[in-house]
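Labels below follow one simple rule: chain letters A, B, ... track the order of the sequence lines, proteins then strands, and each chain is numbered from 1. Everything numeric here is computed off the predicted structure, so don't read it as measured data.
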Amino acid sequence: MCTTCGCGDTELVPVELHEKILAGNDRAARHNREHFVEAGVLALNLMGSPGAGKTAVLEATAKAAAPSGWRLGAVSADLATDNDARRLEKAGIPSKAITTGQACHLDAELVHRSLHDFDWKATDVFFIENVGNLVCPAIYDLGQAANVVVLSVTEGEDKPLKYPVMFKAADLVLLTKVDLVPHLDVDLAKVHDALARVMPQPRVIELSARTGQGMERWIAWLAELRQVVAPGGARPANPHTHATVPHVAVKVEPLHSHSHDGHPHAHGHDHGHSHGHDHGPGGHRHD
Amino acid sequence: MHEYSLVEALVRRVEAEARKRQALAVHGLSVRVGELSGVDAELFQTAYETFREGTICEKASLTLRKVAATWSCPRCRRPILRGEVLTCPDCREPARLDEGGDALTLDGIDLEVP
């Protein structure tokens with residue numbers, strides 16, 4: 001109401017919000033992160049362009065991580081097929097496909113829903129293989145401990161400069177298919193240089209899923225992060241104990257440090273539940 | 001083309017605010033888009049024009065404020081220019097993105113209230 005004269009006219013009110021448009025996704029991601037941290041699961045968001053070798057890296061990881069005894073698991077996003085999930089199952093990684101249809105990226109809610117019918121708690125390292133895309137997935141937090149971006153040597157030396165948002169978000173870059181370098185006109189020094197211009201703290205591992213080059217370093221990197229999520233290599237007996245993260249810059253928040261911001265909690269189940277999981281290896285339905 | 005899903009989230013948020021304040025109409029929105037937000041401002045505008053039809057934002061203009069991405073040394077504040085290696089040449093510190101360079105925020109709404 002116009003307060004000056006009481007004439008009944010409406011009033012134009014500017015409302016200041018300064019609120020992230022992705023606030024809803026960020027809330028859902030925080031929630032996923034809590035689940036992962038409570039269960040002592042190292043969750044990683046694996047991104048990269050189509051054909052960069054995301055699935056091949058995971059297949060090779062299954063083999064390379066075997067001596068460590070880690071239980072691996074994955075959800076694999078694809079617009080139209082479950083081919084990647086099938087490949088991962090074949091490689092011995094219990095997997096579930098997330099078919100995104102038109103969506104060019106995963107968001108935290110999609111990941112959350114996929115967790116409901118997958119036994120992710122029975123994993124030590126859980127990969128979220130994102131949609132092949134160097135643009136959209138970069139801005140959606142999924143609740144992962146770290147972002148891993150897969151960049152193949154066939155993609156061009158200046159890819160990081162063309163997609164700075166993706167590489168800025170990366171905690172680690174896996175430079176894949178390095179076995180092909182002798183056959184290509186690619187200068188790896190130029191790739192590293194480009195990465196240093198878009199990442200303040202570039203961490204890069206040169207890797208070949210085919211020859212196994214670099215796999216040891218990649219497994220060592222995973223082991224380092226595992227120490228943060230599940231100290232001592234064992235799963236915490238009490239799910240409410242966990243390490244705080246003083247020095248490793250990964251996204252693992254202290255438990256229950258977040259408030260729910262006064263927003264209604266998005267789901268009705270309680271945090272200590274177990275879903276009646278019957279989706280062990282091979283439990284993923286193949287048509 | 002994640003701009004459409006972002007615009008959807010934006011409009012839902014505006015609807016909630018308008019409901020909360022029992023607004024009769026929404027006249028304008030202002031959104032800040034950082035250069036490294038991962039959003040193309042023009043695409044975002046186009047997505048908004050398409051999406052707003054039939055929503056409370058139908059008559060609301062969208063003002064986009066673009067913020068350039070700039071980096072600086074967290075220790076000596078030396079600006080690190082675009083395209084440079086993102087490490088301070090003096091302190092060897094990793095550069096830090098200055099405020100707003102990756103922002104994607106709904107800054108304000110003009111609401112018509114009774």
Side-chain angles (χ1 to χ4, degrees), chain A residues 1-3 8-28 47 100 102-110 131 133-141 158 160-161 163-169 192-203 249 263-264, chain B residues 1-14 16-18 20-21 23-40 44 69 71 73-74 80-88 93-97 101-114:
Chain A
M1 171 104 53
C2 160
T3 47
D9 282 354
T10 60
E11 211 179 349
L12 203 58
V13 182
V15 179
E16 301 259 327
L17 286 172
H18 304 291
E19 197 178 289
K20 286 176 80 175
I21 290 178
L22 282 169
N25 181 77
D26 291 351
R27 268 194 301 279
M47 298 180 280
T100 58
Q102 296 301 310
C104 49
H105 59 270
L106 282 175
D107 61 34
E109 192 55 47
L110 268 173
V131 180
N133 180 342
L134 276 180
V135 184
C136 315
I139 65 169
Y140 290 86
D141 185 6
D158 60 348
L161 302 176
Y163 299 92
V165 177
M166 174 59 76
F167 289 94
K168 181 174 89 55
H192 287 280
D193 179 75
L195 286 167
R197 290 169 199 278
V198 291
M199 295 171 74
Q201 286 175 290
R203 282 199 76 171
H263 289 274
Chain B
M1 283 299 283
H2 53 306
E3 279 79 4
Y4 278 87
S5 58
L6 293 170
V7 162
E8 187 180 1
L10 170 70
V11 172
R12 299 286 167 251
R13 179 66 188 87
V14 173
E17 194 65 26
K20 192 172 102 190
R21 295 173 186 265
L24 303 167
V26 182
H27 285 250
L29 317 175
S30 69
V31 166
R32 198 156 26 122
V33 183
E35 189 183 347
L36 288 178
S37 66
V39 167
D40 182 277
F44 192 84
W71 298 79
C73 172
I80 316 280
L81 298 179
R82 176 196 305 269
E84 281 184 347
V85 170
L86 296 178
T87 305
C88 177
E93 285 281 321
R96 194 162 56 198
L97 185 65
D102 58 357
L104 180 62
T105 52
L106 170 58
D107 280 343
I109 317 174
D110 288 330
L111 292 180
E112 185 182 336
V113 295

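- For B:Arg82, no part lies under 4.5 angstrom from a heavy atom of chain A.
- For chain A, no part of B:Arg96 is nearby; none of its heavy atoms comes within less than 4.5 Å.
- Only the side chain of A:Ile139 comes within contact range of chain B, with at least one heavy atom under 4.5 Å from a heavy atom of that chain.
- Residue contact with chain A, scored on non-hydrogen atoms closer than 4.5 Å, is absent for B:Ile80.
- When heavy atoms are compared at a cutoff of 4.5 Å, A:Met199 approaches chain B solely by way of its backbone atoms N, CA, C and O.
- Of the atoms belonging to B:Leu24, it is side-chain heavy atoms, and not backbone ones, that fall under 4.5 Å from chain A.
- The CG atom of B:Asp107 sits 8.5 Å away from the CG atom of A:Leu17 when rounded to the nearest 0.5 Å.
- Interatomic distance, B:Leu10 CG to A:Glu19 CD, rounded to the nearest 0.5 Å: 10.5 Å.
- Contacts between A:Ala138 and chain B at a heavy-atom distance below 4.5 Å are absent for every atom of the residue.
- Two residues are said to be in side-chain contact when any heavy atoms from C-beta on lie closer than 4.5 Å; A:Val135 and B:His2 meet this criterion.
- A heavy-atom distance below 4.5 Å is not found between the side chains of A:Lys168 and B:Leu86.
- Atom CG of A:Leu22 is separated from atom CZ of B:Arg13 by 13.5 Å, given to the nearest 0.5 angstrom.
- For the set A:Val165, A:Val15, A:Asn25, A:Leu12, the entry with the most heavy-atom pairs within less than 4.5 Å of chain B is A:Val15.
- Looking at B:Val7, there are no atoms closer than 4.5 Å to chain A (heavy atoms on both sides), in backbone or side chain.
- Residue contact with chain B, scored on non-hydrogen atoms closer than 4.5 Å, involves the side chain of A:Tyr140 exclusively.
- Neither the backbone nor the side chain of B:Ser30 comes within less than 4.5 Å of any heavy atom in chain A.
- Here CZ of B:Arg32 is found 10.5 Å from CD1 of A:Ile21. Values are rounded to the nearest 0.5 Å.
- For the set B:Ala103, B:Ala9, B:Ala95, B:Gly83, the count of heavy-atom pairs under 4.5 angstrom toward chain A peaks at B:Gly83.
- Heavy-atom distances place the side chain of B:Glu17, and not its backbone, under 4.5 Å from chain A.
- To the nearest 0.5 Å, atoms CG (B:Leu36) and CE (A:Met166) are separated by 13.0 Å.
- Distance CD/A:Gln201 to OG1/B:Thr87: 8.5 Å, rounded to 0.5 Å.
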